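Report on one structure; see the data block that follows.
Please read these numbers as outputs of a predicted model, since none were measured by experiment. In this chain, numbering begins with 1 at the start of the sequence shown.
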Amino acid sequence: MTWSRSSAAACRSPPGAAEADDAAAQLDHALSGPHSHLVQPLKPDRDSLFVVKARHSVFFETPLEYLLRQQNIDQLVLTGQVTEQCVLYSALDAHIRHFDVIVPRDAVAHIHEDLARAALRMMERNMGAHVCTSKDLWR
């Protein structure tokens, strides 16, 4: 999930020491892995907020809703994996919290293509999500 750096930059509350260590360890692990070239362009800068997601939904037992509300952010762009699991559950949790949801279909990955298509339809029809392409975000 992404949100505007300029919107989020004003929130400088550092996570707890344990969470910060976990976030740094996860980032170091990803940057030293076989696909570090994919991670490097997404590496958060000093002004980025980092929320450790432990379950399918990015909202489950995280401070994300609080952080977004503090920044008056009401629109989310959900990206990542897995469309029919984590993206779907995060979209539902965002919807029930009254966030506008955008899902670029070419910026999510799936395990089962048929379930991913169904999940995108559910997000669009049942949750009012705007399903588009990543190019549509810049128009």
Side-chain angles (χ1 to χ4, degrees):
M1 177 173 45
T2 59
W3 62 84
S4 164
R5 178 181 123 90
S6 60
S7 297
C11 183
R12 304 272 189 252
S13 301
E19 188 177 53
D21 289 344
D22 189 37
Q26 288 182 31
L27 182 58
D28 288 344
H29 179 73
L31 289 170
S32 65
H35 303 290
S36 61
H37 65 285
L38 298 174
V39 178
Q40 187 61 41
L42 304 173
K43 181 180 174 183
D45 62 19
R46 291 178 37 177
D47 295 331
S48 295
L49 299 175
F50 196 101
V51 175
V52 177
K53 179 178 92 64
R55 298 294 296 174
H56 292 84
S57 172
V58 70
F59 289 95
F60 182 76
E61 294 187 1
T62 72
L64 183 58
E65 180 179 11
Y66 172 78
L67 295 170
L68 295 170
R69 300 278 184 223
Q70 289 297 307
Q71 297 300 310
N72 295 315
I73 295 169
D74 59 3
Q75 185 178 72
L76 308 178
V77 177
L78 298 180
T79 63
Q81 58 185 11
V82 167
T83 307
E84 64 271 27
Q85 294 174 17
C86 299
V87 177
L88 176 63
Y89 303 150
S90 295
L92 177 59
D93 281 352
H95 172 71
I96 65 173
R97 287 168 173 81
H98 304 285
F99 289 101
D100 293 328
V101 176
I102 301 171
V103 182
R105 70 175 63 83
D106 58 339
V108 292
H110 61 268
I111 296 173
H112 303 285
E113 187 175 352
D114 60 327
L115 296 177
R117 281 194 308 268
L120 290 170
R121 281 195 318 271
M122 288 171 50
M123 288 181 243
E124 193 168 40
R125 291 181 184 160
N126 299 348
M127 301 169 210
H130 176 64
V131 177
C132 60
T133 68
S134 56
K135 288 182 182 179
D136 292 335
L137 297 173
W138 307 110
R139 291 184 182 162

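Between V52 and Q26, some side-chain heavy-atom pair lies under the 4.5 Å cut-off. For the pair V101/L78, a side-chain contact is recorded, criterion being any heavy-atom separation below 4.5 Å from C-beta on. In this structure the side chain of M123 never reaches within 4.5 angstrom of the side chain of L92, judged on heavy atoms. Contact of the Q70 side chain with the Y66 side chain is registered, since non-hydrogen atoms from C-beta on lie closer than 4.5 Å. Residues V82 and V87 form no side-chain contact, since every pair of their non-hydrogen atoms from C-beta on lies 4.5 Å or further apart. By the 4.5 Å heavy-atom criterion applied to side chains, L76 and I102 are not counted as neighbours. Looking at V77 and P104, their side chains come closer than 4.5 Å, going by heavy atoms from C-beta outward.
For H37, the NE2 atom is densely surrounded, since the number of other residues' heavy atoms within 6.0 Å is greater than 12.
Closest of all the heavy-atom pairs between Q81 and C86 is O-CB, 3.5 Å.
With values rounded to the nearest 0.5 angstrom, H130 atom NE2 is found 9.0 Å from Q75 atom CD. Remark: L31 CG to K43 NZ distance equals 6.0 Å, nearest 0.5 Å. One finds the NE2 atom of H112 at 11.5 Å from the OG1 atom of T83 (value rounded to the nearest 0.5 Å). In this structure, R117 CZ and H110 NE2 are separated by 8.0 Å, a value rounded to the nearest 0.5 Å. Of the inter-residue distances, the one linking S36 atom OG with H29 atom NE2 reads 11.5 Å to the nearest 0.5 angstrom.
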Practice item. Under the side chain to side chain contact (heavy atoms under 4.5 Å, CB included) rule, what do F59 and L68 come out as? Steps first, then yes or no, please. Key: CA-CA 11 Å; F59 289 95; L68 295 170; 4.3 Å; yes
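Residues L67 and F99 are members of one and the same hydrophobic cluster, defined by side-chain heavy-atom contacts under 4.5 angstrom among Ile, Leu, Val, Met, Phe, Trp and Tyr. Taken together through direct or relayed side-chain contacts under 4.5 Å among Ile, Leu, Val, Met, Phe, Trp and Tyr, L27 and V51 form parts of separate hydrophobic clusters. By the rule that hydrophobic residues join a cluster once side-chain heavy atoms approach within less than 4.5 Å of another member, L120 and L115 end up as members of separate clusters. Under the 4.5 Å side-chain contact rule for hydrophobic residues, L42 and L38 do not share a cluster.
Formation of a donor-acceptor pair under 3.5 Å by the E84 side chain with backbone atoms of I111 is found in this model. With hydrogens and angles disregarded, a donor-acceptor distance shorter than 3.5 Å links the side chain of S90 to the backbone of V58. With hydrogens and angles ignored, the 3.5 Å screen pairs a side-chain donor or acceptor of R97 with a backbone N or O of D93.
Counting only N and O atoms by type, the side chains of D136 and T133 include a donor and acceptor under 3.5 Å apart.
Geometrically, R55 does not engage Y89 in a cation-pi contact defined by less than 6.0 Å to the ring centre and at most 45° from the axis.
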